[in-house]
Amino acid sequence: MMTRYDTNAIEPKWQKVWLDKGCFEASEESDKERFYALVEFPYPSGVGLHIGHPRPYTGMDVLARARRMQGYNVLFPIGWDAFGLPAENYAIKNNIHPAEVVRRNVERFRGQIRRLGLSFDPAREVNTTDPEYYKWTQWIFLKMVEKGLAYKAEMPVNWCPSCKCVLANEEVVGGLCERCEAPAEHRDKSQWMLRITRYAQRLLDDLELCDFPARVAAQQRNWIGRSEGAEILFPIAGTDETLRVYTTRPDTVFGATYMVISPEHPLVDKCPPKNAEEAAAYRAAAARKSDFERTELAKDKTGVRLEGISAVNPATGGEIPVYISDYVLMSYGTGAIMAVPGHDTRDWDFAKAFGLPIVEVVKGGDVTKEAYTDTETGTMVNSGFLNGLEVEDAKKAVAEWLEREGLGEPKVRYKLRDWVFARQRYWGEPIPIVHCPACGMVPLPEEDLPLRLPEVQNYKPSDTGESPLAAISEWVNTVCPRCGVPAKRETDTMPQWAGSSWYFLRYTDPNNPGEPASKEALRRWMPVDWYNGGMEHTTLHLLYSRFWHKFLYDVGVVEQPEPYKKRTSHGFILGSDGTKISKSKGNGMDPDEVVNTYGADTLRLTILFIGDFEKGCRWSEQIIKGCRRFLERVWAAAHSPFASSVPETKLHQTIQKVSGDIEGMKFNTAIAAMMSLLNEMEKGCSKADMLLFLRLLSPFAPHICEELWALLGGKGLCCEAGWPEHDPAKTVEDTVELAVQINGKLRGTVTVPRGCPDGEAAAAALQTEKIAAAAAGRSPDKTIVVPDRLVNLIFR
RNA sequence: GCGGACAUGGUGGAAUGGCAGACACGUUGGUCUUAGGAGCCAAUGGGCAACCGUCCGGGUUCAAGUCCCGGUGUCCGCACCA
């Protein structure tokens, strides 16, 4: 008598067994080959696990489970990236301490994750808000201070008026705060910065060492934004000042008919123009604009000429006017440009608006009509000693000339900016620095770490740009660790990205009290073999953590230059209406509800079967039913009387397909292959077939497989059984059906023995009725035979 | 503007240059049922057909969804980056 497939009974039962037996715990003793599979650890928010989590987790869980069955010693950990604004905001709103909020949320997340049957290592959780963890985050920061990689500087930064804290460049998306979408403002603030720019070239070069998807590597390359050019000095006529510009096209210097400096450029103060008031007004207006307004809205060129100021074009010797305009950014290059309106659309627009001369220096276009920018190649004109040279040669000639005359030098620039590494909020790692009136900034000694967050009553942010910690006088006021005089603590905290920049190292040795992780553990587990995560972190966490890892490599903590061998990225699941899933729209699903109704195994199958793992897809209620139906049929088949075996070929083909598809994250086609095999098995299969099938399915739908494995008397646990191996010889049939084409069009098929010689195949094809009729007694002019695939008969 | 990806039935999606539409959903018909929005069986790209079919137009090839050239459209990332 077949029992009902009752997921609510089966699933918790096996989850407990797995946990009690420690099935998912990585071993430090095992001499099996190791495999480190990593997913991005979640931010444990108040609303619990959401739709975004199960897909990457399940995908990597399939891989981790398959690897264990394949005999690897697998590290597949999870943790909690629990610092950050949402916990703090939630805490403020509900008047609960953030630490308590985190404790509750983590508990909920842990339970939800377990209910999905995810095989995360229960013995290696990390939590970025645990002082024993952030002690090491602080320790790494101090190492950076020591090496001059962390510094404090007064500079214009992005300020989110809604979050009330500064933002890193990477956190500003289209001029808006990445988190709350408020327009980011400019503020001049003294900030802790990390010198990620020092690693720009290595972060770029070492992409070679990383097996990243093309789009990830391209995006990082783009973000680092390397460009080659030159700096050229333009003297300011009648003064000792020079204007230093950066250009990628020094060869066009003869076409520079005016100059533009950014409104923030210091030259305006050094050389006051005659129209100082007008210039000041323009600068003030520019300062008021947000980045959003400056870059997104104001594409029309505006500016003010600095009257009485002119620069000397070192190539022509001619005097050219100088303008301030907000289309030139202080944050890139030198904040000043030589404008070559003939060959740059922005300069052309500006020149037209202000009636400035436009000179053609590369032949090809008509610069009176528009800027001619197709100048990768071409011949120089109107360019003195460069005339007649090809662009490529002109570049070399100009470079030599600049160096010879001391007028400039070749220069490599990056778009990458240093990383603003301070937040004016409570819920983050305190920056372990003391400001001493005598000694200046003094790092806390290592033995004073962790520097714990103080218990406070009010952790609301202020509008003044100061952290709430600044109001806790008993915490702020301390003594200088160096000289002992009264001093004040740094009150800013680290950004959310700090803890996640090295968490994958801590997993290798999560409870080590004396170092981030032991050398042995790091040697055993690093680098991460396979890291799956979201595209949205490509220029945030993924770049940041590569940077930290390189730093830790330089100071001898880790032994490899790159942390991740292989990176994959899952596509997002959108709502049934094609938009982002949200509870209020009711267009999606709640993982808990789906587990309650259909079971975790069905949910796991559904989110993998719904489409290509690496592409986005829409959620659909329909697919769930199909997956549940499939599991019902597996259940029924395992309870049916066994009979003769399924064809061996089918079995071995499926093993091969599923094994290969797991490696390629083609989970949808792996599941399709198993559905297809089940269709075959329903016609009759042996118990051995079923046991094999269960092993194949087990990484995808582990609970039902475990239950049926036990029912059928499988040895041990299904999740610990060996992974089935296919015999390549058994994946092929003895006979094959050849497609028969006439002039490339399919006209029939013919069955021949495998490996049948070309001549025989062609003869067999010609003997089939349809083909013989079409041939009408003629013999083909040409015959193409693709062994075991097709015969193409060509009649002219 | 720069960089990346993509375009296949009613739907989600499969196809190392070699039988397009695997696998599922849906639909239709049948069956079993007091009942069926459950299960099972069958059919299902279009067309009566010859044939025609993978966004559009060319090309390479015995053979193109797949490769090449030129368009169109969609999505993603970056962007007055000099």
Side-chain angles (χ1 to χ4, degrees), chain A residues 173-175 213-227 229 245-249 252 256 260 262 294-296 298-301 325-329 331-340 343-347 349-350 373 413-417 535-536 538-539 571-572 578 605-606 609-612 614-627 629-630 632-633 636 657 666 668-679 682 737-749 780-796:
Chain A
V173 178
R215 54 184 174 157
V216 172
Q219 221 167 292
Q220 288 208 347
R221 216 171 275 130
N222 196 287
W223 188 259
I224 294 167
R226 183 187 167 118
S227 73
V245 304
Y246 174 70
T247 175
T248 53
R249 295 303 299 269
T252 62
V260 185
S262 152
R294 235 171 113 163
T295 62
E296 297 296 311
K299 297 280 186 189
D300 286 339
K301 297 290 176 288
S325 172
D326 61 7
Y327 85 91
V328 172
L329 308 174
S331 56
Y332 185 74
T334 60
I337 62 159
M338 63 174 206
V340 184
H343 305 283
D344 181 288
T345 46
R346 294 154 301 168
D347 296 345
D349 291 346
F350 190 88
T373 56
R413 285 271 173 194
Y414 303 90
K415 282 195 239 173
L416 187 68
R417 299 270 79 83
M535 279 306 291
E536 75 278 18
T538 299
T539 54
F572 283 110
L605 277 180
T606 305
F609 186 61
I610 197 164
D612 187 326
E614 306 202 337
K615 288 189 196 135
C617 56
R618 285 190 192 191
W619 180 248
S620 143
E621 276 302 316
Q622 314 298 345
I623 303 227
I624 299 191
K625 293 196 181 133
C627 289
R629 203 175 286 166
F630 168 62
E632 295 275 5
R633 283 166 47 208
K657 177 76 179 150
K666 302 292 177 196
N668 52 339
T669 49
I671 293 166
M674 289 186 283
M675 287 174 167
S676 179
L677 176 58
L678 181 68
N679 289 343
E682 283 173 333
E737 194 182 53
L738 299 183
V740 181
Q741 299 179 333
I742 294 178
N743 294 338
K745 288 189 198 291
L746 182 72
R747 286 294 177 267
T749 59
D781 297 293
K782 192 174 175 187
T783 305
I784 311 276
V785 180
V786 181
D788 298 336
R789 299 303 284 261
L790 61 67
V791 177
N792 190 4
L793 305 167
I794 315 299
F795 295 92
R796 295 217 172 81

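Residue numbers begin at 1 in each chain, while the letters A, B, ... track the order of the sequences.
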message: The criterion is ring pair (Phe, Tyr, Trp, His ring centres under 6.0 Å); which residues satisfy it with A/Phe609, sequence neighbours excluded?
response: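 Ring pair (Phe, Tyr, Trp, His ring centres under 6.0 Å) list for A/Phe609, sorted by chain: empty.
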query: Side chains of A/Arg215 and A/Thr538: does their closest heavy-atom pair fall under 4.5 Å?
result: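 A/Arg215 vs A/Thr538: side chains apart.
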query: Can you find a pair of side-chain heavy atoms, one from A/Tyr332 and one from A/Ile337, that are under 4.5 Å apart?
result: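 No - every pair of side-chain heavy atoms lies 4.5 Å or more apart.
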Protein-nucleotide distance ([X], atom [atom1]; [N], atom [atom2]), rounded to Å:
X        : N     : atom1 : atom2 : value
A/Lys745 : B/G53 : NZ    : C1'   : 11 Å
A/Lys666 : B/G13 : NZ    : C1'   : 12 Å
A/Leu746 : B/A64 : CG    : P     : 13 Å
A/Glu682 : B/A42 : CD    : P     : 11 Å
A/Asp347 : B/A82 : CG    : C1'   : 7 Å
A/Glu632 : B/C25 : CD    : P     : 13 Å
A/Leu793 : B/C19 : CG    : P     : 16 Å
A/Asp326 : B/A79 : CG    : P     : 17 Å

Kindly point out which of [options] is positioned nearest to the side chain of [X]?
X        : options             : answer
A/Arg633 : B/A82, B/C40, B/C80 : B/C40
A/Leu329 : B/C78, B/C80, B/G18 : B/C80
A/Asn668 : B/C78, B/C40, B/G13 : B/G13

message: Ignoring hydrogens, what is the shortest heavy-atom contact between A/Cys617 and A/Ile610? Give both atom names and the distance.
response: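 Heavy-atom minimum between the residues: SG-CG2, 3.4 Å.
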Sugar-phosphate, base or nothing in reach of [X], heavy atoms under 4.0 Å:
X        : answer
A/Arg226 : nothing
A/Gly626 : sugar-phosphate
A/Gln741 : base
A/Arg629 : sugar-phosphate
A/Ile794 : sugar-phosphate
A/Asn679 : sugar-phosphate
A/Asp612 : sugar-phosphate

Quick one: [atom1] on [X] to [atom2] on [Y], what's the gap to the nearest 0.5 Å?
X        : Y        : atom1 : atom2 : result
A/Phe630 : A/Ile671 : CZ    : CD1   : 8.0 Å
A/Thr783 : A/Ile794 : OG1   : CD1   : 7.5 Å
A/Leu738 : A/Thr749 : CG    : OG1   : 8.5 Å

Could you measure between the two [atom1] atoms, the one in [N] and the one in [M], and give it in whole Å?
N     : M     : atom1 : result
B/G9  : B/U27 : C1'   : 13 Å
B/U66 : B/C2  : P     : 25 Å
B/A63 : B/G18 : P     : 14 Å
B/G29 : B/G17 : P     : 42 Å
B/A43 : B/U61 : C1'   : 37 Å
B/G26 : B/A22 : P     : 16 Å
B/C68 : B/G21 : P     : 24 Å
B/U16 : B/A7  : P     : 13 Å

- line: Each nucleotide of nucleotides 1-12 of chain B classed B (base within 4.0 Å of a protein heavy atom), S (only sugar-phosphate) or -, in 5' to 3' order, makes --SS-------B
- prompt: Between A/Thr669 and A/Ile784, which is nearer to the 5' end of RNA chain B once each is assigned its nearest nucleotide?
  reply: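 Looking at RNA chain B, the more 5' nearest nucleotide goes with A/Thr669.
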query: Start at the 5' end of RNA chain B and walk down; is the nucleotide closest to A/Lys625 or to A/Asn743 reached first?
result: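 Closest to the 5' end, via its nearest nucleotide, is A/Lys625.
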- prompt: Considering residues at least two apart in sequence or located in another chain, which fulfil the salt bridge (charged side-chain N to carboxylate O under 4.0 Å, His left out) criterion with A/Lys615?
  reply: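 Testing A/Lys615 for salt bridge (charged side-chain N to carboxylate O under 4.0 Å, His left out), a comparison that skips the adjacent residues, returns A/Asp612.
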message: Taking salt bridge (charged side-chain N to carboxylate O under 4.0 Å, His left out) as the definition, give me every residue that meets it alongside A/Glu737, ordered by chain and number, with sequence neighbours left out.
response: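 Per chain and number, A/Glu737 pairs via salt bridge (charged side-chain N to carboxylate O under 4.0 Å, His left out) with no residue.
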- prompt: Base of B/G9 relative to its sugar, syn (within 90° of 0) or anti?
  reply: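 B/G9: syn.
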query: Considering residues at least two apart in sequence or located in another chain, which fulfil the side-chain hydrogen bond (donor to acceptor under 3.5 Å, both in side chains) criterion with A/Arg413?
result: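 Only A/Glu231 meet the side-chain hydrogen bond (donor to acceptor under 3.5 Å, both in side chains) criterion with A/Arg413.
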Residue-phosphate contact under 4.0 Å: A/Asn792 side-chain N/O, B/C19 OP1/OP2: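 No, A/Asn792 has no side-chain N/O under 4.0 Å of OP1/OP2 on B/C19.
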task: Establish, with yes or no, whether the OP1 or OP2 oxygen of B/A82 is under 4.0 angstrom from a side-chain nitrogen or oxygen of A/Tyr246.
output: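 No, no such contact exists.
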message: Please check: side-chain N/O of A/Asn743 versus main-chain N/O of A/Phe795, any donor-acceptor pairing under 3.5 Å?
response: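 At least one qualifying donor-acceptor pair exists.
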query: Would you find a donor on one side and an acceptor on the other, under 3.5 Å apart, between the side chain of A/Arg249 and the backbone of A/His343?
result: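 No, the answer is negative, given that no donor and acceptor are paired below the 3.5 Å cut-off.
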- request: Grab the stems for RNA chain B, please: at least three consecutive Watson-Crick or wobble pairs, both distances below 3.5 Å, written as range with range.
  value: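 The stems are B:1-7 with B:72-78, B:10-12 with B:23-25, B:26-31 with B:39-44, B:55-59 with B:67-71.
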